[in-house]
Structures are given as C-alpha cells and as structure tokens.
Student: 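Provided herewith is a single structure, encoded as structure tokens, for subsequent inquiry.
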Amino acid sequence: MEIVKSENAPIIIASIAAVAGLATTLSLWRKSGRDRKYLPMPPTLPVLGNIHLINGRDPITCFAYWGQKLGHIFRFRMGANDWIIINDAAVGHELCSRRGAVYNSRSTENSFLKILTKDFHDMASTPYGEDWRKRRRIFMDAMGLRTVPVYVNYINAEAQSLIKNLAAANAAPVDPTQCLMLFTFNVILKIMADERLKDPNEPWLQEGIDSQAKLFGYLGPSGNPVTLFPILRYLPQSWVGPNNQEVRDFKKAYDARLQGILDRVSTWLANGEDIKCFCKDLLEKQKEGAIDSVEIIELLNNTLSAGLETSSTTLAWLIAELANHPYIQEDLHEEVGKVMKADDSPSYNNAFNIPLLQACIRETMHLHPAGPLGLPHATSKDDIYNGYFIPKESTVILNLYTMNRDPVKYPEPNNFNPYRYLDDVQQLSSALANGKIEDRDHTSFGFGRRICAGIHIAETELLSAAAALVWAFDIMRAGPELIDTVHYKLGLTMSPLPFEVQFIKRNDALA
Ligand code: HEM
C-alpha cells in the first residue's frame, strides 16, 4: 500500500489536536458542571421559571412556604434570573457577615436602576468595591455613631413637633401617617440640609412622597419586566411598561429637587452661615477632590429614599401595636413616670433609660420589618456553601420577615410581646448586629457590610419619637375592634393597612 504524504497533514493534525483538546475541555467542563450540586428549586415553568408561584400571594409568604419544603436556602427562578432565597438568620449571617467579601455586592442588571443612579454613582446600589467603600465611608462619617450626637437635639425637636401635630386633632380619630411622614422627612431634611417643613399638608412633602412612590415603582420587580424576561426587549416598548426615556425624564425632575436643596446650602455657606449638615460635608469632600457632583446628588438621593418611609412605617406599626395593647401602655407610663416628669421635655437621652420602651421598638421591628426582603445582595465570586455551588453574580434575597418569625428563637413569634427583650443585655441594635447571630435582637436592618447605613439615625429617631408619644398620650383605638396588625401593604415598605387612633393627652405640658 502506498502511503501518500499529504501537504495538509500539519493542518489536519493541528485540527485533530484542537478538536480533541476542545472535547477534553468540554467533557471536563460538563463533568465539573454535573458534579456541582446546585441549591434545590421549586418546579419551574418554561420562560416564567417560578414567577407563577408568587401569583396571588406576596413574595414573603411564597418564599416562607418554599423554604419549609426546600430548606433555609434555595433557588427561585424569576424569569431569566436565578435568585437565592435565605429564610434563616444564621445562614444570612454566615454568608453576608462571615463571607463578607463574597456576598455583599449588588446586581447591575436593571436598566432603570442604572438610569436612576446615573450609572451606579450612588452607594446603595453600587457593586461591592472601592467606589462603594469610599461612598459608604463618607456617609458613615456624616451619619455614624460618632456623629449622631450632633443631630440629637434636632431629632428631639422634631419629636416635639410630631406630638404637637398629633395633639392638634383634639383626640378625634386620626390616621397618623402624614404626621409621621413629616417627622421623618424633617429629620432627614435637617440632617441633609439644615431645613425643615412646618406643616404636614405642605405640597413639598406630598410631592416628595409621590416621587418616592414612583421611584420605587420603577425599581420593583414588576416595574421593569425586561429585567425578568429579556425577550421582551424585542416587543414595542409601549407594551412592556415604562420606557427608558420616561425614567430619564423622571430622574431629571427628581434630581432638580435635590440640586435645589444643595444650591441653597451652597448659598448659605457662601454667605458665611454657620451650619452643620450632610450637604456641607459633601461639598467639602468635593473640594478635596474625593467625590464629584454626580456622586453628591446620588448620595443625597440614597439618604432621602432610604430614610423616609422606613422609619415612619415603623412608628406607624408601633402606634398600632400600642393601641392594641393598653396594658403595655400602662407599664410604659409607669416606667416613663420614673424617668420623665410631667413637665419634662421627653428626649432621646431620658428615653434611653426606659428598657421597656426600647423593647417595644425592638419588638415592632422584629414583627414588622420596614423592608421585609431587605435590599437584594449579589455575589462577587463563585462560592460553595454546604456543598452547594453558588455562582458569581447571583442575586441573594434575605427574607428578613421570615427570619424574624423563627419560632425557635422567638417563641410565639407572631405575638407582640416586648417583654421577651427585657432579659437581654440592653444594647443598641447596631451594636448587637456586630456580634454573634444568637445575640442579635432582629434582622430588620439587614446583614453584613451592607447593613443599613442609617441604622444610628434610625435608632435615635425611633426612640426619641416613641418617648415623646408615650409621654404625651394614651393611644386609643377608634373603635372596639383590634387594629389589623396581621395583614400589610407591600409597597415601598411593608406598611400597616390604613387605621385611625385617638391621641388622648396625658400631659398638661402639651399645649
Ligand atoms: C427603621 C428604619 C430603617 C430600616 C428598618 C432600614 C432597613 C434597611 C435595610 C434592610 C437595608 C438593606 C441592608 C442590606 O443590604 O443587607 C438598608 C440599607 C440602607 N439604609 Fe436603611 N433602614 C432604616 C432607616 C434608614 C435611614 C433613616 C437611613 C438614612 C439616614 C437609611 C439609609 C440606608 C442606606 C443608605 C442603605 C444602603 C446601604 C448600602 O448599600 O451600603 N436607612 N436599610
């Protein structure tokens, strides 16, 4: 047999080698893929994944239900995206606190979020890394534990205005929401720009609340369906929901309000006025070259968006729970009487010495976390947890609501029982969050390096407002029925269904 030497032999050999190499790589890749153990997931439907399982329920209940079937941590497919759901505080702590470098990023998938944060120039939605670290440091310098005392007097003064506004109803049944919103809005505005509004009915307040609702509407899962179903990109935009241009227009108007606030502070500073506020800190950082003008607006944006409804909602839940539990109010009044005289001004500092009051706030936050699913975290690297493979860029949802209702840690978890916290060493939630998970009071401020950046402001304003409310009033239900504290409205935050109460003055000092 004659063997003919082909001129193409080197090419053929190289091709065979390449194909063989590719086959080997593929087989290794497949093998490692096959060997990987993925977290369990509910049965999926094509295209929808698991979205249909949420239909008719809310996501919290749905995740709690599937957690009971699949375990404390599982996968849930939202259209094209795999979410990892965590229902257990110890798992949340292990991943987000102990493996902090992996589980504390944010996803950049949502095109609306990109527009609304000017390409992630903010802090709350910026992926983990140097930019986030820098912005968080600036934020915490202005609103951390060491700086909060600067603002305590402002906050106490706003708590006084809150009780005056509520007393103006003259014991008639009122929905406290608008007054609570004014309280938290003024706390934030004062800290941000040394400004405040006078009246709960000021149009500026309502405009602020409305634009927040719109902002969060764009960011909710149904606000931008293209994020869940990329295929929708190919349909006419008008079929799919708001388009990028609409969101850009909204953002322009939203930023103009923030720019207006910043410009006013610049003018006061130029006129030599002696003020202390976040805008001033930010303008100084800009002069030092640490941040630019876009970052300033985005940091103000985060402060306002994160700080307004979270705290006002928590106070609304506290009022509803106290109205449902007159015997707890009696105990509180007794404790308050020991610490504050009738003609005292209630303040954060004397409230700090009323353990039951602190316990009532903890219990309210434990039962009614303002952000029950936190803000989604994302992984910045592949990881293995308990033998399960968790890929880089996974979205991680911390189901704080379900974690807080763990019946082992909190016997009778659905009952409002502040006394459960009285035996605890009385420390701030912010301090407990840095310790062991077993000692943590609740998880409502989130986890790890991303834990609520406003935690110190929030704790101060909640205690200050609660002290003023309890000192000033008997909070009574407007009718014989209990206020519904089981159901909730899930919007920007998890708020109670509308309710009315009567604020009966206990104090002649309250003019
Ligand atoms: C009762 C009141 C509040 C509650 C329950 C609350 C809860 C939360 C939660 C659950 C998160 C997400 C944490 C995570 O990703 O694990 C968060 C983040 C954040 N909160 Fe709050 N919050 C409250 C008040 C405030 C206030 C008053 C401010 C501002 C002054 C604020 C500013 C922020 C910011 C900027 C972030 C993003 C942090 C980051 O991504 O690094 N929060 N908050």
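Whatever order the structure lists ligands and atoms in, that order sets their numbers, starting from 1. The first residue of the sequence shown is numbered 1, and numbering continues consecutively from there.
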Student: May I ask you to identify the nearest protein heavy atom to atom 36 (C) of ligand 1, giving residue, atom name and distance to one decimal place in Å?
Tutor: Ala453 N, 3.9 Å

Student: Please report the closest heavy-atom contact between Ala64 and Asn399, naming both atoms and the distance.
Tutor: N-ND2, 4.0 Å

Student: Quick check: does Arg450 get an N/O under 3.5 Å from an N/O on ligand 1?
Tutor: yes

Student: Verify the distance criterion only: is there a donor paired with an acceptor across the side chains of Glu321 and Asn324 at less than 3.5 Å?
Tutor: no

Student: If I compare all heavy atoms of Pro127 with all of Arg450, which pair ends up nearest, and what's the gap?
Tutor: C-NH2, 3.6 Å

Student: Quick one: does Phe63's side chain get under 4.5 Å of Tyr401's, heavy atoms only?
Tutor: no

Student: Got the closest protein heavy atom to atom 28 (C) of ligand 1, with its distance?
Tutor: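 Scanning the protein heavy atoms, the shortest distance from atom 28 (C) of ligand 1 goes to Gly454 CA, 3.5 Å.
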
Student: Considering non-hydrogen atoms of the protein only, which is the closest contact for atom 35 (C) of ligand 1, and what is the distance?
Tutor: Met123 CE, 3.4 Å

Student: Out of Arg196, Lys190, Lys198, which residue meets the salt bridge (Lys or Arg N to Asp or Glu O under 4.0 Å) rule with Glu158?
Tutor: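 Of the listed options, the one satisfying the test is Arg196.
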
Student: With heavy atoms of Thr314 as the reference, note each atom of ligand 1 found under 4.0 Å away.
Tutor: 1 (C)

Student: Side chain or backbone of Glu461 under 4.0 Å from ligand 1, or both, or neither, by non-hydrogen atoms?
Tutor: side chain

Student: For Met365, take its heavy atoms, then give the atoms of ligand 1 lying under 4.0 Å from any of them.
Tutor: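 Those of ligand 1 that fall under 4.0 Å from Met365 are 1 (C), 5 (C).
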
Student: Do we get Arg449 above Tyr103's six-membered ring, with its NZ or CZ under 6.0 Å from the centre and within 45° of the axis?
Tutor: no

Student: Of all the non-hydrogen atoms in the protein, which one sits nearest to atom 16 (O) of ligand 1, and at what distance?
Tutor: His377 NE2, 2.7 Å

Student: Grab the two heavy atoms, one from Met123 and one from Trp132, that are nearest each other, plus how far apart they are.
Tutor: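 Here Met123 and Trp132 meet closest at O-CD1, 3.3 Å.
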
Student: Return the residue, atom name and 0.1 Å-rounded distance of the protein heavy atom closest to atom 37 (C) of ligand 1.
Tutor: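 Among all protein heavy atoms, the one nearest atom 37 (C) of ligand 1 is Ala124 CB, 3.7 Å.
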
Student: Yes or no: does Ser311 have any heavy atom under 4.0 Å from an atom of ligand 1?
Tutor: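 The answer is yes: ligand 1 sits under 4.0 Å from a heavy atom of Ser311.
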
Student: Among all protein heavy atoms, pick the one closest to atom 33 (C) of ligand 1 and tell me residue, atom and distance.
Tutor: Ala306 CB, 3.4 Å

Student: Go through ligand 1 atom by atom and flag the ones less than 4.0 Å from a non-hydrogen atom of Gly446.
Tutor: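 Checking each atom against Gly446, I get 10 (C), 13 (C), 16 (O).
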
Student: Could you please spell out the steps behind the side-chain contact (heavy atoms from CB on, under 4.5 Å) verdict for Asp281 and Ile138?
Tutor: CA-CA 8 Å; Asp281 299 343; Ile138 290 172; 6.0 Å; no

Student: Once you restrict to heavy atoms under 4.0 Å, what part of Cys452 touches ligand 1? Side chain, backbone, both or neither.
Tutor: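 The answer is both.
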
Student: Which atoms of ligand 1 are found less than 4.0 Å from any heavy atom of Trp132?
Tutor: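 Once the distances to Trp132 are compared, the set is 39 (C), 41 (O).
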
Student: Given Thr303, Leu315, Thr310, which one has a non-hydrogen atom that is nearest to atom 3 (C) of ligand 1?
Tutor: Thr310

Student: How far is atom 26 (C) of ligand 1 from its nearest protein heavy atom, and which residue and atom name does that atom have?
Tutor: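 For this ligand atom, the closest protein heavy atom is Gly307 CA, 3.5 Å.
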
Student: At less than 4.0 angstrom from any non-hydrogen atom of Arg106, what atoms of ligand 1 do you find?
Tutor: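 So the atoms of ligand 1 that pass are 15 (O), 39 (C), 40 (O).
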
Student: Quick one: closest heavy-atom pair of Trp204 and Arg257, and the distance?
Tutor: O-NH2, 3.5 Å

Student: Can an N or O of Arg136 be found at a distance shorter than 3.5 Å from an N or O of ligand 1?
Tutor: yes

Student: List the atom of Ser305, the atom of Tyr254, and the distance in Å for their closest heavy-atom pair.
Tutor: OG-OH, 3.7 Å

Student: Quick check on contacts: which atoms of ligand 1 are under 4.0 angstrom from a heavy atom of Phe447?
Tutor: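 Checking each atom against Phe447, I get 16 (O).
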
Student: Between the side chains of His366 and Glu363, is a donor N or O closer than 3.5 angstrom to an acceptor N or O?
Tutor: yes

Student: Checking Arg440 against Phe445: charged group under 6.0 Å from the ring centre and within 45 degrees of the axis?
Tutor: no

Student: Could you tell me which atoms of ligand 1, counted from 1 in the order shown, lie closer than 4.0 angstrom to a heavy atom of Ser444?
Tutor: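 That gives atoms 5 (C), 7 (C), 10 (C) of ligand 1.
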
Student: Measure the spacing between NE2 of His377 and CG of Asn104 and express it to the nearest 0.5 Å.
Tutor: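 The NE2 atom of His377 sits 5.5 Å away from the CG atom of Asn104.
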
Student: With backbone taken as N, CA, C and O and side chain as the heavy atoms from C-beta onward, which portion of Ile188 lies under 4.0 Å from ligand 1: side chain, backbone, both, or neither?
Tutor: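 The part of Ile188 near ligand 1 is the side chain, not the backbone.
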
